[in-house]
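Below is one structure; the comments refer to it alone.
Computed from a prediction, not measured in an experiment: that's the story for all the values here. Here is the naming used below: chain letters follow the sequence lines, and residue numbers restart at 1 for every chain.
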Amino acid sequence: MISNRGRIVGAVEIGTGKISVLVGEIARGRALNIIGVGLAQSHGVMKGEVVDYKAACEATHHALEMAEKKAGVRLDEVWLAQTGAHVDGFANEASVNVQSADNTVTLLDIERVCGLAQQKELPAGRSRIHAIRRPFRLDGRAVNDPEHLTGSRLDVGYWMVHGQESKISDNIHVVGGYHLEVRELVLSSLASGSLMTSADERNQGALVLDIGRGVTDYILYRDGHVAATGVLAVGGDHLTNDLSIGLRVTPTQAEMLKLRHGRATVQTKDKTDKVWLNGDMSFGDRQIPRHAIEAIASARVQEIFEIVMKQLGPRFSPAHCGAGVVLTGGTAKLPGLDEAASRAFGLPARRGEPPSWVKEDLRDPMFSTVLGIYQFGLRAAHDHPAPARRKTGLLSGLSKIFS
Amino acid sequence: MSEGSQSLDMDRSWRDIRQDVSSRAMSARGRQRQLMGWFNGCLLCAVIGTAAWGIYTVVHTWETDRAAVASAVRSEPVRHVTLRNPGGVLDEAWVRTQLALPRNATLMGLDLEVLRSRLLANGQVRNVTLIREFPDRLAVNLEERTPVVRAQALDAAGNSIHLLVARDGVIYEGHGYEAKLLAGLPWLAGVTLQRSGGRFVPVPGMETVNALLTAAQLQAPHLYSKWISVSIERLASHGELVVSSQDAAEIIFSGRLEFLVQLAQLDYIIDTTRAALPEPGLAFVNLALGGPGGQVPIRLAAGTPEELARLAEDAEPNPLLPSKFQRKNQRDL
């Protein structure tokens with residue numbers, strides 16, 4: 001929606017634990033002002049995927065309505081975060097010989113090599129979410145823009161992110177059920193990574209882990225570009241589940257234990273140190289060894305990090321990750337997580353801090369994805385301006401009203 | 001892609017996914033938004049359609065029958081002139097005369113600025129607003145001036161004419177006032193009325209005159225009723241107003257002192273003098289000297305030395321003045 005003040009765009013994250021909606025006003029394509037927030041407990045979503053359409057719609061639409069009311073505007077388009085274990089990525093490269101007689105790279109060469117690099121066939125039922133370009137290489141040297149440079153061979157690589165079409169479609173239709181158009185689909189890890197790292201950190205190399213309730217999204221930056229992304233179907237809920245089974249308590253009690261006494265590393269040496277299960281002196285309340293809680297939680301956290309390492313494979317190397325590991329997402333609030341990550345990856349690790357423009361009430365790590373959607377969208381719009389202008393005529397406006 | 005085929009999709013993007021959701025799959029909130037969208041769309045279409053039809057009609061009529069457009073613009077003839085004049089004396093007949101509307105004048109054909117200037121040409125009208133009330137009514141909201149004093153002047157033929165002067169110094173002839181009201185107003189003296197562009201130039205200093213007369217009307221109506229004229233001859237130079245009254249031929253008020261106190265002093269002096277002396281009593285009283293409690297010079301119209309001595313002895317304290325001023329007044333008398 002184009003208003004007198006600026007473009008109004010919503011950002012939506014349909015997560016396993018909560019559904020977040022922000023309403024942002026984008027002025028002059030660069031300045032962002034968050035004017036509405038909607039938050040609802042998630043229903044019908046497991047591990048980042050919609051499993052109950054009606055329940056997911058109800059929760060999402062509630063959050064959307066709340067955000068619209070707070071902002072005092074009607075949303076017409078949103079940018080939607082996409083996650084889920086079905087989301088995968090691969091690198092694809094292509095190379096062409098420079099065609100001009102004097103070996104000067106032309107726009108035609110660039111378009112040809114980019115086209116070839118994006119032409120990787122996807123398995124049936126998969127849809128492309130992003131095609132993220134890496135730096136060009138002209139006769140082996142990395143260049144940002146090869147046009148007018150001289151060389152004989154031009155290479156480029158793309159990190160292709162794709163997901164199962166039916167699951168992406170479910171996600172989009174949940175928003176569509178509110179009579180809203182999804183204008184952009186943004187991979188959750190790209191959103192979080194954009195918000196939590198600076199350009200310098202991305203140039204140094206950084207690994208961003210967004211540990212949510214149902215899934216863990218990760219993104220690896222090398223030389224300022226995306227080297228790998230991925231999603232694990234493991235999150236904070238698994239810690240709760242482990243505690244529930246290991247300590248023989250209900251999931252609700254396990255969640256409370258995780259929040260009150262959980263820790264990603266084993267710090268308690270004294271095995272007789274115990275904590276009350278409920279703490280309200282009620283029937284059934286009993287004492288649980290603190291050491292056991294920490295041991296169970298730390299084991300699961302360690303496992304998450306190991307899976308990430310395994311999935312990254314040779315793409316991850318501490319030598320190329322100078323900025324270290326950045327942790328975000330709701331589970332990043334677990335004490336000792338940075339210490340555990342540092343041990344697992346052999347790199348300095350820290351909890352991500354959002355940029356200074358983020359207001360105090362949105363600085364919680366659980367908002368990193370939904371805020372990052374804007375950050376990524378604005379950066380992408382700035383780095384790669386839209387090739388063609390949007391239709392702004394009367395007929396276009398009318399069709400938009402009826403759409 | 002054919003069903004069951006294992007062939008690979010070359011460039012299938014999420015943007016190829018249809019975002020349309022059937023009404024059944026929408027939530028109640030979504031359906032409500034959709035309906036609102038349709039409603040807004042229809043409303044917009046209706047507005048655009050109406051505007052387009054209006055423009056087409058006007059253009060078409062203009063091209064085919066200009067007289068119809070012109071007559072539509074002229075609208076209805078003025079059938080009613082409504083005067084709203086709270087607290088005023090001018091009536092609708094006077095307004096109609098001043099407006100001098102031509103017969104069959106239409107509401108849209110009226111030049112309201114010209115009509116307004118016609119009404120404002122009369123000094124009695126302080127402000128006026130003219131409003132077209134469709135289909136056939138002209139509303140006149142009028143605000144009048146209130147006369148403070150009367151004045152006399154000569155017209156072009158050398159005949160004497162009676163005029164009224166308002167608080168802001170504007171001089172006008174005055175219509176619709178009761179004769180009794182006008183007879184009660186004192187005359188303005190000590191000033192030569194001047195004309196400019198066929199109208200009298202406003203008299204300066206009338207604010208001070210109005211303050212004195214208003215105080216006298218409210219606080220000492222028995223004195224005011226005997227006032228014959230007020231002169232502003234010494235106002236600019238000495239800040240003094242000279243009142244001619246049946247009680248005293250010349251009473252001088254200071255514009256720099258409280259009129260209320262001066263009126264109290266005058267009342268006291270007149271009462272005391274009247275009790276001690278037979279008519280005609282006072283000839284001159286100067287209240288501008290000394291201020292409250294100061295010496296008030298007076299001159300008697302007549303009286304023997306014995307009567308004057310008795311007057312001084314009979315003088316009683318003025319209840320309106322502080323005690324120290326009362327003693328001084330008694331001694332002065």
Side-chain angles (χ1 to χ4, degrees), chain A residues 53-62 64-65 68 74-77 80 82 115 118-131 160-187 394 397-403, chain B residues 1-66 68-69 72-73:
Chain A
Y53 179 79
K54 277 191 176 175
C57 276
E58 191 58 36
T60 307
H61 299 178
H62 176 63
L64 280 163
E65 192 178 34
E68 280 187 330
R74 186 180 186 274
L75 280 171
D76 288 325
E77 57 173 290
L80 178 64
Q82 179 65 55
Q118 292 182 61
Q119 267 189 3
K120 178 79 175 182
E121 296 168 344
L122 295 177
R126 307 288 292 180
S127 276
R128 194 179 71 188
I129 299 170
H130 290 289
M160 310 290 285
V161 182
H162 57 97
Q164 198 169 323
E165 187 171 314
S166 58
K167 290 179 178 172
I168 297 171
S169 180
D170 289 342
N171 213 18
I172 290 172
H173 287 165
V174 166
V175 174
Y178 193 64
H179 195 59
L180 266 178
E181 182 194 354
V182 176
R183 184 55 62 85
E184 292 294 340
L185 198 64
V186 183
L187 185 68
L394 178 65
L398 279 176
S399 66
K400 196 176 157 190
I401 289 167
F402 285 104
S403 65
Chain B
M1 194 163 56
S2 62
E3 193 177 338
S5 165
Q6 290 301 307
S7 66
L8 302 175
D9 201 339
M10 289 286 284
D11 192 21
R12 178 84 177 156
S13 164
W14 73 269
R15 292 186 191 278
D16 300 322
I17 297 171
R18 280 179 62 88
Q19 294 201 20
D20 303 341
V21 177
S22 68
S23 291
R24 280 185 175 184
M26 278 188 177
S27 66
R29 294 184 183 102
R31 278 194 291 274
Q32 198 179 348
R33 279 171 58 90
Q34 191 180 32
L35 281 174
M36 279 302 292
W38 274 103
F39 176 74
N40 287 341
C42 292
L43 196 67
L44 184 65
C45 281
V47 170
I48 292 170
T50 309
W53 177 79
I55 292 167
Y56 169 77
T57 308
V58 170
V59 171
H60 184 258
T61 312
W62 182 255
E63 287 175 348
T64 55
D65 185 8
R66 292 194 178 196
V69 178
V73 170

For residues 30-37 of chain B, which side-chain donor-acceptor pairs fall under 3.5 Å, sequence neighbours excluded?
{"from": "B:R31", "atom 1": "NH1", "to": "B:S23", "atom 2": "O", "distance (Å)": "2.8"}
{"from": "B:R31", "atom 1": "NH1", "to": "B:M26", "atom 2": "O", "distance (Å)": "2.8"}
{"from": "B:R33", "atom 1": "NE", "to": "A:Y178", "atom 2": "O", "distance (Å)": "2.7"}
{"from": "B:R33", "atom 1": "NH1", "to": "A:E68", "atom 2": "OE1", "distance (Å)": "3.1"}
{"from": "B:R33", "atom 1": "NH1", "to": "A:E68", "atom 2": "OE2", "distance (Å)": "2.5"}
{"from": "B:R33", "atom 1": "NH2", "to": "A:L75", "atom 2": "O", "distance (Å)": "2.6"}

task: Tell me, for A:Q82 versus chain B, whether the close heavy atoms (under 4.5 Å) come from the side chain, the backbone, both or neither.
output: neither

- prompt: By a 4.5 Å heavy-atom criterion (distance strictly below it), what part of A:H62 contacts chain B: side chain, backbone, both, or neither?
  reply: both

query: Do you know which two heavy atoms are closest between A:Y53 and B:V21, and how far apart they sit?
result: OH-CG1, 3.8 Å

message: Please find the pair of heavy atoms, one from A:S127 and one from B:S13, that lie closest to each other, and give the distance.
response: OG-O, 3.9 Å

query: Is it the backbone or the side chain of A:L180 that comes under 4.5 Å from a heavy atom of chain B, or both, or neither?
result: both

message: Looking at B:R29 and A:E58, is any side-chain nitrogen of the basic one under 4.0 Å from a carboxylate oxygen of the acidic one?
response: yes

query: CZ/A:R128 to CZ/B:R12 distance, rounded to the nearest 0.5 angstrom?
result: 12.0 Å

message: Test your reading of the model: is there a side-chain donor-acceptor pair from A:E165 to the backbone of B:I17, 3.5 Å cut-off?
response: no

task: Measure the CH2-NE2 distance between B:W14 and A:H130 for me, rounded to the nearest 0.5 Å.
output: 9.0 Å

task: Under 4.5 Å heavy-atom distance to chain B, tell me which part of A:L185 shows up: side chain, backbone, both or neither.
output: both

- prompt: Judged by atom type as modelled, is there a donor-acceptor pair below 3.5 Å linking the side chain of B:R15 to the main-chain atoms of A:R183?
  reply: yes

task: Return the set of residues passing ring pair (Phe, Tyr, Trp, His ring centres under 6.0 Å) with B:F39 (not counting sequence neighbours), or none when no residue passes.
output: none

